[in-house]
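Position 1 is the first residue of the sequence; numbering continues from there. What you see below is based on every heavy atom in this structure, not just the backbone, and it leaves out hydrogens, waters and symmetry mates.
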Amino acid sequence: QVQLVESGGGLVQAGGSLRLSCAASGGIFSNYHMAWFRQVPGQDREFVAAISWGGRSTDYKASVKGRFTISRDNAKSTAYLQMNSLKPEDTAVYSCAAVWALTTPLTRLKYDYWGQGTQVTVSS
């Protein structure tokens, strides 16, 4: 059972940057693909970015490509989301998620473990 804890959210002006962290425990971190999702109240949760277990493959939602960078440090059991050039429409609760990598290809769907989320608010 993997436990995930996000940090790094906050309030930032449009054009600014934030780096989110996702600390994992309870499992072998390098056995899991990791992803970030976001959700606005009243809307469905949406995929933002994913990274493969070894960090060699990444995938991004089109609207964040070129602005956001997902990365991971397996030695620290932590995944990151660097968010630059933030826009008001990026405002949401951001959650990290994990899925067992040995039987699952990198995916935008089907994640089994979730963190509680961290609020990101971008003011105009």
* Near L11 CG, under 6.0 Å, is it more than 12 heavy atoms from other residues, nucleotides or ligands? -> yes
* Could you pull out the closest heavy-atom pair between F47 and K61, with the gap in Å? => O-CD, 3.4 Å
* **Taking every non-hydrogen atom, the tightest pair across L4 and A98** => CD1-N, 3.8 Å
* Please check if Y113 and W100 belong to a single hydrophobic cluster, counting links between Ile, Leu, Val, Met, Phe, Trp and Tyr side chain heavy atoms closer than 4.5 Å. => yes
* Structure fact -> Output for pair (L18 CG, N84 CG), nearest 0.5 Å, gives 9.5 Å
* **Transitive ILVMFWY side-chain link W114 to V99, under 4.5 Å** => yes
* Asked: So if you build clusters from Ile, Leu, Val, Met, Phe, Trp, Tyr with side-chain heavy-atom gaps below 4.5 Å, do V122 and V48 land together?
  -> yes
* Asked: Do W53 and Y32 have ring centres separated by under 6.0 Å?
  -> no
* Looking at OG of S30 and CG of L102, how far apart are the two atoms once the value is rounded to the nearest 0.5 Å? -> 8.5 Å
* When you measure from the side chain of R67 to the backbone N and O of S85, does any donor-acceptor pair fall under 3.5 Å? -> yes
* To do: Report the C-alpha distance between V120 and M83 in whole Å, list the side-chain angles of each, state the deciding distance to 0.1 Å, and finish with yes or no for side chain to side chain contact (heavy atoms under 4.5 Å, CB included).
  => CA-CA 10 Å; V120 171; M83 305 186 294; 3.8 Å; yes
* Step-by-step side chain to side chain contact (heavy atoms under 4.5 Å, CB included) determination, H33 to T107 -> CA-CA 8 Å; H33 300 315; T107 177; 5.6 Å; no
* Structure fact -> Here the pair of heavy atoms bringing V2 nearest to A24 is CG1-CB, 4.3 Å
* Any donor-acceptor pair under 3.5 Å from R72 side chain to F29 backbone -> yes
* Can any side-chain N or O of E46 pair as donor or acceptor with the backbone N or O of D44 at less than 3.5 Å? -> no
* Shortest non-hydrogen contact from P88 to A14? -> CD-CB, 4.1 Å
* Passing option when S21 is tested against T118, T78, V5, D73 for side-chain contact (heavy atoms from CB on, under 4.5 Å) -> T78
* Specify the closest pair of heavy atoms between Q1 and Q3, including all atoms of both residues, with the distance to one decimal. => O-NE2, 3.2 Å
* Structure fact -> dist K87:NZ -> S124:OG (nearest 0.5 Å) comes out at 14.0 Å
* Do the side chain of E6 and the main chain of G117 share a donor and acceptor less than 3.5 angstrom apart? -> yes
* First locate atom CG of N74, then atom CD1 of I28, and finally report the distance between them rounded to the nearest 0.5 Å. => 11.0 Å
* Check against side chain to side chain contact (heavy atoms under 4.5 Å, CB included), Q119 and T91 -> CA-CA 8 Å; Q119 176 70 46; T91 295; 4.0 Å; yes
* To do: Name the orientation class of the two ring planes belonging to Y94 and F68 (parallel below 30°, tilted from 30 to 60°, perpendicular beyond 60°).
  => tilted
* Asked: Can you tell me how far CE of M34 sits from OG of S71, rounded to the nearest 0.5 angstrom?
  -> 11.0 Å
* **Non-hydrogen atoms of W36 and A79 that approach each other most closely** => CZ2-O, 4.0 Å
* Asked: F37, Y60: one ILVMFWY side-chain cluster at the under-4.5 Å cut-off?
  -> no
* Asked: Do I70 and Y80 belong to the same hydrophobic cluster, where Ile, Leu, Val, Met, Phe, Trp and Tyr are linked whenever their side-chain heavy atoms lie under 4.5 Å apart, directly or via other members?
  -> no
* side chain to side chain contact (heavy atoms under 4.5 Å, CB included) between R38 and V64, intermediate numbers included -> CA-CA 12 Å; R38 66 187 183 188; V64 308; 4.0 Å; yes
* If you measure from CG on D90 to OG on S63, what distance do you get to the nearest 0.5 Å? -> 7.0 Å
